[in-house]
Structures are given as C-alpha cells and as structure tokens.
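Data first, discussion second: the structure below is written as structure tokens.
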Number of protein chains: 2
Amino acid sequence: METNIAEIARIARVSTATVSRVINSPEKVAQETRGKVEKIIKQLNYVPNQQARSLRSRRTRMIAIIVPHSADYLFSYPYFSILVKEVSLELSRFDYHLILTTDEPQEAVTERYRVFIDKKMVDGFVVLDLKNDDERVHFLRERGLPFVTVGRNDRDTDISFVDTDNDLGAYLAGKHLSEKSCKRILFINGLADQSVSVWRERGLVRASRDFGFDYEVFNGDFIEESGAAITRSNLGKFDAIFAASDLMAIGALKVLKEEGVSLPVIGFDDIPLSSEFSPSVTTVHQPIDEVGREAARILVRQISQGQVTKTILPVSLVIRESSEVSA
Amino acid sequence: METNIAEIARIARVSTATVSRVINSPEKVAQETRGKVEKIIKQLNYVPNQQARSLRSRRTRMIAIIVPHSADYLFSYPYFSILVKEVSLELSRFDYHLILTTDEPQEAVTERYRVFIDKKMVDGFVVLDLKNDDERVHFLRERGLPFVTVGRNDRDTDISFVDTDNDLGAYLAGKHLSEKSCKRILFINGLADQSVSVWRERGLVRASRDFGFDYEVFNGDFIEESGAAITRSNLGKFDAIFAASDLMAIGALKVLKEEGVSLPVIGFDDIPLSSEFSPSVTTVHQPIDEVGREAARILVRQISQGQVTKTILPVSLVIRESSEVSA
DNA sequence: TTGTAGGCGTTATCAA
DNA sequence: TTGATAACGCCTACAA
C-alpha cells in the first residue's frame with residue numbers, strides 16, 4: 001500500500017488536514033503535533049503526490065521552454081545549453097521543474113503554448129529568442145499566464161524580463177575599434193526581427209557618433225557560416241569587423257585567414273571556444289549563467305507574488321588577440 | 001467557469017462517463033452520441049485537465065532526463081543538445097513531455113531520480129552517459145520504473161537501450177589508419193568508467209589484431225582540452241591518432257599544427273564542426289538524431305507495453321582531410 | 001451502448 | 001489549533 005496523507009494521519013492520530021498543514025504551512029500547527037507528524041512522515045518516507053497537489057491547488061510547479069523550430073540553430077549553440085542548464089537548476093531550487101520542447105515546423109508559433117496552457121500543465125514560460133513584435137508575448141498576455149522573456153523590446157515594456165546590456169556592449173566594441181583607428185566597420189548583426197539585434201545596432205550607432213566612424217550592417221543568423229559568407233562578400237570594403245556572436249566572428253576570422261587579410265575582429269557572447277580559438281577572440285562578455293538563474297528567479301517571483309521584475313545584467317569587453325592587429 | 005467534462009456532458013445530455021469514453025476509447029461509443037459529443041468539445045474548445053487525468057490514471061506522460069553534474073561537459077557538447085532536442089520532439093509525438101534537469105554536486109547520483117519517482121511526477125527516464133556499473137540503473141530497476149539507456153554495458157543486458165555500433169566504429173578507424181601504414185596509434189579514449197569507452201577499445205583491439213598495429217590508450221573526457229593535453233605529452237611517440245570524440249580530435253589537430261607535426265587523425269561523432277574545421281576531420285559518424293528519436297520510441301513502448309527493446313544503430317567512417325596526410 | 005457513483009490524494013473552507 | 005468534509009476533474013467498475 002502506497003502511503004498517503006490519510007495513513008500518516010491515522011498513525012499520528014490527527015486529521016488529514018493537520019498533516020497537510022504540517023507540510024504546507026507548518027507555522028500554523030502546534031509544536032508538539034507538528035513534531036509528531038514530521039517524525040512519522042520521515043519514518044514512512046512519505047512524499048506528497050504531486051499530481052494530487054496540482055489538481056487541488058492549481059499549481060503544477062512546472063515551467064516550459066519552447067524552442068521555435070526557426071531557432072533550431074540554438075541547439076548547436078553553446079550559449080543556449082548553458083542557459084537551459086542554469087534555468088533548470090535554479091528552478092529546481094524553488095521546487096519547480098523545466099519542460100524543454102520544440103515546436104514542429106508546420107505549427108503556429110503559439111500552438112505549443114496553447115496546448116500546455118489548456119491542459120493545465122505549466123505555471124509559466126521562459127520565452128527565448130525574443131522578437132521585436134513577438135506573437136508569443138501577445139498570446140501569453142492574453143491568456144494571462146506568467147512568463148519571463150530573455151531579452152526586451154520596445155513594444156512590451158510592462159513585462160518581466162532579464163536582458164544584458166547589449167546596447168553598451170556594442171558601444172564598447174565600437175569604441176575599442178575606433179581606438180584602433182578603424183573608420184569603416186563591417187557590422188555583422190543577428191536577425192533583424194530579433195530584439196537583441198536592435199539594441200546592438202543602437203549601441204553601435206551611438207559609438208559611431210561619439211567616435212566618428214562609419215559602419216554598414218548585414219544580418220547573419222548567429223552561426224559561423226553566415227559570418228563567413230558576409231565577410232567573404234565584403235572583403236576589401238572595411239577595416240574592421242564587429243559580429244553579433246562569437247561564432248560569426250570566428251567565421252569571419254577564418255575567411256580573413258584564408259584570404260591572408262588581417263583586420264581587427266570583435267565578437268559577442270564570450271562562449272568557451274572564443275578564448276581557445278586562434279586567434280583568441282576579443283568579445284563582449286555576457287554572464288549567460290546568471291541570465292539563466294535570474295530568469296528562473298524572476299519567473300518564480302512573478303508566479304508566487306504577481307510581481308513584475310526587469311533585470312539588465314552588465315556586459316564587459318574582453319580584449320584578446322583578434323582585435324590586436326593593424327587594420 | 002472553466003469547461004470540464006461535466007459541462008460537456010450537461011450540454012450534450014449524456015453522462016460524464018460517455019464524454020470520457022469519447023475522449024479515451026471512442027470506439028466504445030455509438031456513432032451518433034460520439035459525433036454529438038465531439039462537436040460540443042470542439043465548440044467549447046475543451047481540453048482535458050492533465051493533472052486530473054494523471055491523478056486518476058496514474059500516468060503523468062512526463063519523462064525525465066537528469067544530467068549528472070559530473071557530465072557537465074555535455075552542456076557545451078553539440079552532440080548532447082541535438083540528442084535532447086530529438087528526444088523531446090519525438091516524445092511529443094506520442095503526447096509525452098520531457099523534463100530536463102541537472103543534479104547538484106553534493107547530491108547522491110540517484111537522488112533526483114528518487115524525488116521524481118516519489119512525487120509520482122514521471123513515467124520514465126532516459127539515462128545518458130551510461131557507466132559500466134551504473135548506480136542509476138540499479139536504482140531504477142529496484143524501483144521498477146521504465147527507463148531506456150543511451151549506450152549499453154556488459155552487466156545490464158536485459159534492459160531497453162539504444163546504442164550505436166561503437167565497436168565497429170573503432171574497428172573501421174583502426175583499419176583506415178592501418179591502410180595508411182600507421183603502426184603505432186595513440187588512442188585518446190573517453191572516460192574509463194563509461195561503457196562507450198569499453199566498446200570503442202574493443203573495436204580497436206580487434207582491428208589491431210586483424211591489421212597488425214600497436215596502440216596505447218589514454219583517457220580523456222571528450223572535450224578539446226583533454227585531446228590537446230594528451231597529444232602534447234605524447235608527441236613523437238606515435239604515427240597516428242584516434243580520438244573518441246571530434247572535440248578531442250580537434251584538440252589533437254591544433255597541437256599538431258602548433259608543433260608543425262603532420263599525422264593522420266580520426267575522431268568520433270561527426271559533429272557539425274568536424275566538416276568545417278581545417279583540416280576537416282575524418283570521423284566515425286553516429287546518427288545522433290536517430291539515437292534520440294529511437295530512445296523516445298523505445299521508452300514509450302516500454303511504458304505502454306512493458307516491452308524491452310534493444311537497438312544498435314549503424315555507424316560509418318567519414319573520410320576527410322585529417323587522415324589524408326603521410327605519417 | 002449508456003449511466004451511476006466511487007475514488008485517485010490532496011488542499012481549502014468552515015466550524016468547533 | 002484542530003477536524004470534518006467538500007471539492008479539484010477525471011476515469012472506470014458495475015449496473016442498467
């Protein structure tokens with residue numbers, strides 16, 4: 001016989017309500033009864049059935065991350081794995097758990113969200129890969145479910161998010177390049193519809209005004225190939241490269257090496273590979289592990305206290321070999 | 001008011017039992033009633049509450065993957081992300097969902113398994129990173145919960161698993177190197193306690209007998225640094241290198257380049273980076289996406305039919321630049 | 001083929 | 001501070 005709250009109650013000679021209180025709000029139970037019940041719980045290795053709790057309390061303690069198939073590249077991006085790991089670990093410290101899933105290509109972007117909500121499976125969502133105008137945000141708002149976005153945009157200003165200071169990061173990169181006397185920068189940005197790309201371009205615009213350089217933007221998709229392709233088709237036109245991801249910076253560096261060209265290159269993220277690559281990659285460091293943990297904390301707070309939290313984490317320029325060459 | 005089975009029943013003028021039957025075993029309901037009920041379900045956008053179903057049916061439709069902190073490296077390993085993605089996607093096609101989590105360093109290896117089981121949160125587990133003598137397998141066996149391992153060992157032969165033909169892969173690598181006239185191979189294997197390492201060494205042993213070469217084994221931990229370190233401390237002693245992961249092979253290739261040494265190098269996995277690296281990496285291709293999907297299918301079968309399935313997927317040698325050099 | 005009714009294990013309400 | 005009892009939403013004997 002599986003032990004349940006009724007058995008504990010029987011043995012402790014109290015009611016099931018009291019056992020439940022010992023578990024959920026021990027402060028409401030007298031010291032003595034409480035000790036007695038706790039002892040029996042321990043003796044029998046009793047653990048509450050989560051499904052029953054969820055049904056009754058309408059809280060599942062589950063959070064979902066739904067990776068859109070259009071962001072498939074995330075799965076070979078080290079940044080993403082680390083983020084997911086930290087989100088999951090921090091959530092578990094609050095007794096929440098993470099469902100990780102992908103959508104299918106033919107589905108609507110919001111379909112999986114709808115299913116999770118309708119089935120009453122989750123208490124909230126972490127939204128990655130935020131767009132400037134993000135359907136998922138509209139949807140979740142409408143449905144009234146708690147969520148936190150990683151990144152922020154201009155439209156949705158009253159929601160919980162965690163972001164890094166992308167604007168400043170790009171500004172620092174531009175400043176550094178201008179200090180290397182660069183005048184025409186090739187800016188390999190991310191996808192244009194992603195909010196992160198907007199912030200980074202803003203930072204570079206500010207820097208170009210403050211320090212007097214020109215730049216031109218091309219949109220890549222964060223992976224190495226796109227950085228390489230954009231670099232290849234622009235050889236000879238620029239005297240420096242700033243890429244919105246380390247992988248694209250590495251793609252650029254490979255092309256430059258192939259072509260025997262030497263230009264300062266700066267990336268973004270500071271993934272592990274960047275310090276090992278040759279040349280090691282100058283980059284804007286983002287505290288990705290902290291982003292993950294903070295996302296978890298913000299969401300838990302949003303769920304339990306209905307509190308909107310906005311966090312912007314600092315970035316820093318890490319100077320390595322790839323920017324230490326003459327233009 | 002949230003719509004539930006009772007409301008559907010009321011409107012359709014049938015009992016809740018009939019509505020439940022329409023959902024779970026439509027063949028037991030008369031065409032006419034069935035149509036009527038289905039129509040109303042659709043009209044009201046009714047979706048069954050998963051928590052209630054779970055409580056009643058004792059099936060949560062949740063599967064967990066618990067990554068041990070000792071396998072932290074997995075999170076920066078492209079192989080792993082792709083596996084997780086495919087497992088999750090395939091599971092969702094059977095209406096199962098994936099909980100992804102990590103354990104904490106100070107915990108027992110089986111602690112999180114215990115919690116998930118005791119809370120009645122999951123129907124089964126995918127066990128990664130299988131050891132020769134794996135505590136988690138003992139534990140899950142004892143507790144009687146369905147699970148599938150990715151990899152197989154000699155001890156636990158009556159359990160469901162999906163594996164690739166690691167033995168053959170290593171054999172093919174050895175054969176190829178011997179065809180390049182290599183006589184002394186540096187074998188950079190994975191961690192000694194992992195079952196995958198055992199199979200790969202077996203394959204190389206067979207090849208060394210069949211083709212007459214010598215080899216020496218060193219144990220790395222699958223990441224680039226360990227491949228580089230082992231290569232560096234063995235320079236000059238071998239005329240070829242076989243590494244148990246592409247990342248370690250790449251680490252080896254970097255050291256060789258640095259030192260101006262040219263040796264045939266073969267990796268394992270065939271991660272995306274291997275075809276782009278310079279030199280492109282000769283490697284044993286594993287169908288990682290299929291491994292993930294098959295793991296999901298096997299587990300679902302194990303849960304629903306109690307059926308043990310063992311799958312070994314084929315590998316193939318992909319010959320690229322890194323083995324096309326003279327020793 | 002359909003309905004009645006009990007129960008899955010817990011939490012919440014209300015009264016004592 | 002504690003207990004009795006009614007939900008939570010669904011499934012499934014069992015009976016009709």
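Residue numbers start from 1 in every chain, and the chains themselves are labelled A, B, ... in the order their sequence lines are given, proteins ahead of strands. Since the structure is predicted, the reported quantities are computational estimates derived from the model, not experimental observations.
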In chain order, what residues pass the side chain to side chain donor-acceptor pair (under 3.5 Å) check against D133(B), with sequence neighbours excluded? H138(B), R155(B)
Using atom NZ of K28(B) as one end and atom P of dA13(D) as the other, report the distance to the nearest whole Å. 9 Å
Contacts of S54(B) that satisfy side chain to side chain donor-acceptor pair (under 3.5 Å) - sequence neighbours left out: Q50(B)
Using a 4.0 Å heavy-atom cut-off, write out nucleotides 5-12 of chain C from 5' to 3' as B (base contacted by protein), S (sugar-phosphate only) or - (no contact). -BBBBBBB
Checking R112(A) side chain against T102(A) main chain: does a donor-acceptor pair fall under 3.5 Å? yes
Test item: side-chain donor near acceptor, Q286(B) and Y79(B), under 3.5 Å: yes
d(CZ, R10(B); P, dT2(C)) in whole Å: 20 Å
I41(B) CD1 to dC10(D) P, straight-line distance once rounded to whole Å: 10 Å
Whole Å only: how far is the CG atom of D118(A) from the P atom of dC10(D)? 12 Å
Should the ring pair F75(A) and F80(A) be called parallel, tilted or perpendicular, given that the plane angle runs from 0 to 90° and is split at 30 and 60? perpendicular
Exercise: do R136(A) and T110(A) side chains pair donor with acceptor under 3.5 Å: no
Specify the separation, in whole Å, of atom CZ of R34(A) and atom P of dT2(D). 11 Å
According to a strict under-4.0 Å criterion, is S15(B) in side-chain N/O contact with OP1 or OP2 of dT4(C)? no
Under 4.0 Å, counting only non-hydrogen atoms across every strand here, what does S54(A) touch: a base, just sugar-phosphate, or nothing? nothing
